[in-house]
Amino acid sequence: MAHWLMKSEPEELSIKDFQRLGETRWDGVRNYQARNFMRAMAPDDTFFFYHSSCAQPGIVGIGRIVQAAYPDPSALDPGGAYFDAKSSEQKNRWSAVNVSFVEAFPQVLKISFLKQQSSLEKLPLVQKGTRLSVMPVTAEQWQAILALR
DNA sequence: GCCAACGTTGGC
DNA sequence: GCCAACGTTGGC
């Protein structure tokens with residue numbers, strides 16, 4: 001079982017929204033590297049839910065993959081924010097996964113705090129210049145972050 | 001709002 | 001295939 005980290009802007013989907021929904025589709029990823037990580041996801045993989053572009057950016061909870069990657073329907077919706085004119089029913093460049101809520105942390109593990117952890121030095125999230133919205137988390141990093149809750 | 005850093009686009 | 005210009009991300 002693998003571990004991941006996925007970023008969401010809370011104005012788009014917050015951990016509270018996620019908790020209320022229980023299960024949802026994770027779509028709209030429009031970066032090839034992030035997409036490729038999504039395609040490597042398998043049911044029962046777990047991920048940290050990260051709030052980005054907000055007052056308190058950081059890790060706020062945990063989710064689980066319930067369905068492996070499939071063509072992202074949002075790329076085919078001409079009225080939607082994630083429409084991609086270069087994708088079609090036959091050839092959709094983008095992928096979505098289905099995810100379920102697992103846990104919300106009692107407090108935000110702020111990015112400034114995570115950057116202070118030597119155990120997380122290699123996590124792309126804290127590395128300068130990295131803006132991946134979906135990334136792998138090693139077993140060691142997973143445990144280190146769990147211990148910070 | 002600023003701006004560093006990165007990704008994408010498109011002319012050549 | 002190069003690379004300048006532009007767009008986006010995302011912390012601060």
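Residue numbering restarts at 1 for every chain, and letters A, B, ... go by the order of the sequence lines.
- Interface limits on DNA chain C: the 5'-most and 3'-most nucleotides within less than 4.0 Å of chain A heavy atoms are C:dG7 to C:dC12.
- No side-chain heavy atom of A:Val137 sits less than 4.5 Å from a side-chain heavy atom of A:Trp4.
- Side-chain atoms of A:Asp84 and A:Trp94 include a donor-acceptor pair closer than 3.5 Å.
- Between A:Arg64 and A:Asp45, no side-chain nitrogen of the basic residue sits less than 4.0 Å from a carboxylate oxygen of the acidic one, so the salt-bridge criterion is not met.
- Among residues at least two apart or in separate chains, ring-ring contact (aromatic ring centres under 6.0 Å, His included) pairs with a member in residues 126-149 of chain A are A:His3-A:Trp142, A:Phe48-A:Trp142.
- Heavy atoms of A:Lys115 sit under 4.0 angstrom from primed sugar atoms or phosphate atoms, though from no base atom.
- Partners of A:Glu9 by salt bridge (charged side-chain N to carboxylate O under 4.0 Å, His left out), not counting sequence neighbours: none found.
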